[in-house]
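Structure, as structure tokens:
Reckoned from all heavy atoms, side chains included, excluding hydrogens, waters and symmetry mates.
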Amino acid sequence: AGPDGADLLVTKGAPEAILDRSTALRDAGGGTAPLDGERRTRIEALVRDAAAEGARTIAIASRAGLGKASLEPADEAGLVFEGLLLFSDPPKAGIREALRDLRTLEVGLKVVTGDNELVAAAVARQVGLDVEGILTGDEMRRLGHGAFVARAQRTTIFARVDPDQKLRVIRALQGRGAIVGYLGDGINDAPPLHVADVGISVDNGTDVARAAADIVLLEPSLAAIAQGVREGRRTFATTLK
């Protein structure tokens with residue numbers, strides 16, 4: 001319930017999705033104003049600027065006076081846009097050195113994420129990852145199998161992807177002869193962890209991800225992966241001898 005005791009729906013989500021469902025916004029005085037084209041453009045500019053700096057953004061909106069206990073998806077319409085929440089997740093120390101180590105080992109790194117492409121590209125710049133190409137989930141849907149396989153080789157960042165598209169990325173790379181390792185820690189990462197040649201999770205990942213992985217890292221570190229590759233190659237060479 002809101003401050004006056006009336007029923008109040010509060011929802012959060014991707015800014016573009018919340019904006020599509022909003023018809024007004026909260027003004028500085030606590031009232032509302034129509035969410036016209038000019039105001040929406042200003043909000044979208046704020047989101048782009050934040051994303052370009054590597055900040056993740058969540059939008060908040062509300063709707064008063066529904067007057068019922070159970071809600072349906074259709075109730076998330078005619079919303080009042082309340083504002084934005086920005087989250088900063090700075091890269092871990094030593095990530096640049098770990099990436100250089102992986103390049104020395106001739107291990108290519110690709111980013112497959114649900115974040116938008118601006119956030120992913122900003123984080124890549126921060127850690128010194130060379131970005132050859134970017135594909136979004138929407139662009140992937142418009143590509144046929146052959147075209148996508150060709151693009152996947154030249155793409156560093158796959159952004160706004162859903163769980164099924166993660167599988168598509170892995171299979172496209174495998175189709176060109178690559179040995180693919182996949183690092184993930186969430187429930188939605190379980191299928192790609194299973195399909196990858198080497199599924200890697202972390203000790204604080206979900207139970208589902210850890211069960212699907214071939215390797216579970218005791219610390220979430222790319223440096224540990226580089227060390228593991230080096231030791232694995234040394235062991236393999238010794239075994240051949």
Following the transitive rule for hydrophobic clusters with a side-chain heavy-atom cut-off under 4.5 Å over Ile, Leu, Val, Met, Phe, Trp and Tyr, establish whether [X] and [Y] coincide in one cluster.
X: Leu102; Y: Leu129; result: yes
X: Phe148; Y: Tyr182; result: yes
X: Val111; Y: Val180; result: no
X: Ile60; Y: Phe87; result: yes
X: Leu109; Y: Ile215; result: yes

Shortest non-hydrogen separation from [X] to [Y] and the atoms involved:
X: Ala77; Y: Arg63; answer: O-CD, 3.3 Å
X: Ala98; Y: Ala223; answer: CB-N, 3.7 Å
X: Val127; Y: Arg96; answer: O-CG, 3.2 Å
X: Arg40; Y: Leu35; answer: N-CD1, 4.0 Å
X: Glu219; Y: Ala224; answer: CG-CB, 4.4 Å
X: Leu105; Y: Ala226; answer: CD1-O, 3.5 Å

Does atom [atom1] ([X]) have a neighbourhood of more than 12 heavy atoms from anything else shown, all under 6.0 Å?
X: Gln227; atom1: CD; answer: no
X: Glu231; atom1: CD; answer: yes
X: Ile187; atom1: CD1; answer: no

*Thinking salt bridges, do Glu132 and Arg154 make one under a 4.0 Å N-O criterion?*
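Here Glu132 does not pair with Arg154 in a salt bridge, since their nearest N and O are not under 4.0 Å apart.
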*Does the distance from a Lys or Arg side-chain N to an Asp or Glu carboxylate O, for Arg168 and Asp162, drop under 4.0 Å?*
no
Find out whether [X] and [Y] are in side-chain contact, i.e. whether some heavy atom of one side chain is under 4.5 Å from a heavy atom of the other.
X: Ile225; Y: Val107; result: no
X: Arg48; Y: Asn116; result: no
X: Phe158; Y: Met140; result: yes
X: Asp101; Y: Arg230; result: yes
X: Leu183; Y: Leu222; result: yes
X: Arg39; Y: Phe81; result: no
X: Thr11; Y: Arg21; result: no
X: Glu82; Y: Val10; result: no

*Keeping the roles fixed (side chain from Lys166, backbone from Val161), state whether a donor-acceptor pair exists under 3.5 Å.*
no
*Asp185 (side chain) donor-acceptor with Ser201 (main chain) under 3.5 angstrom*: no
Find the distance between [atom1] ([X]) and [atom2] ([Y]) and round it off to the nearest 0.5 Å.
X: Lys12; Y: Leu85; atom1: NZ; atom2: CG; value: 9.5 Å
X: Ile200; Y: Asp214; atom1: CD1; atom2: CG; value: 8.5 Å
X: Leu84; Y: Ile18; atom1: CG; atom2: CD1; value: 10.5 Å
X: Leu167; Y: Gln165; atom1: CG; atom2: CD; value: 10.0 Å
X: Leu135; Y: Ile157; atom1: CG; atom2: CD1; value: 10.5 Å
X: Leu79; Y: Leu25; atom1: CG; atom2: CG; value: 12.0 Å

*Any side chain to side chain donor-acceptor pair (under 3.5 Å) pairs touching residues 191-200, not counting sequence neighbours?*
Gln174-Asp197
Which atom pairs, donor and acceptor, lie under 3.5 Å between side-chain atoms of residues 117-126 and protein residues at least two apart or in another chain?
from   : atom 1 : to     : atom 2 : distance (Å)
Glu117 : OE1    : Arg160 : NE     : 3.0
Arg125 : NH2    : Ala52  : O      : 3.1
Gln126 : NE2    : Glu53  : O      : 3.3

*Given side-chain contact (heavy atoms from CB on, under 4.5 Å), test Arg56 with Leu86 step by step and report yes or no.*
CA-CA 6 Å; Arg56 294 169 174 83; Leu86 272 63; over 6 Å; no
